[in-house]
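All remarks here apply to the structure that follows.
When reading the values below, keep in mind they use all heavy atoms of this one structure, side chains included, and skip hydrogens, waters and symmetry mates. Atoms within each ligand, like the ligands themselves, are counted from 1 in listed order.
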Amino acid sequence: MSPGTYLRLRREATGLSLRELAYQFFTPPLDLAEVEQLLVNAEADDAPLDAGSLHRVNLFVPLDIEIYASLLAELPTRSVCRRCACSWFDPCQDSFGPCAWADAAATLCTRCARIEATAEKQKRPVA
Ligand SMILES: [Zn+2]
């Protein structure tokens with residue numbers, strides 16, 4: 001997973017659009033369009049977020065900053081959910097509580113496994 005994909009999946013897991021996150025994030029004298037472009041570039045792996053921007057994003061998007069740093073440095077990382085990029089120190093929270101790993105290889109969290117199972121059930125024709 002690339003650092004930009006990690007950021008995008010974590011942002012999408014919160015339900016925030018890029019514009020909505022930029023709006024949360026920007027403070028004058030920063031320009032809203034500039035902030036949105038900064039986020040677009042980071043998610044496209046064109047320009048990583050600096051530490052200050054990363055910490056500001058983390059106010060609105062739960063992240064494991066160590067994982068982002070490892071991905072940027074192309075170092076091995078802790079396990080990350082392939083669907084929402086949550087991780088051991090940054091688990092999803094839903095009505096069932098914090099998520100856990102749904103598979104032995106730690107590639108999918110229990111919240112995403114429930115979402116996938118529901119989507120699969122809805123695809124099946126009604127008998
Ligand atoms: Zn997940």
Fill in the blank from the handout: Rounded to 10°, the SG/C81 to the Zn ion (ligand 1) to SG/C109 angle comes out at 110°

Exercise for the section: Give, rounded to 10 degrees, the angle between SG (C84) and SG (C112) as seen from the Zn ion (ligand 1). Expected result: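 That angle is 100°.
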
Practice task
Could you tell me whether any N, O or S atom belonging to C86 is less than 2.8 Å from the Zn ion (ligand 1)?
Solution key: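 Given the 2.8 Å cut-off, C86 does not count as a ligand of the Zn ion (ligand 1).
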
Residue pair [X] / [Y], side-chain heavy-atom distance below 4.5 Å:
{"X": "L54", "Y": "Y68", "result": "yes"}
{"X": "F60", "Y": "L21", "result": "yes"}
{"X": "L59", "Y": "Q24", "result": "no"}

Problem - D50 and S53 side chains, donor-acceptor separation under 3.5 Å - result: yes

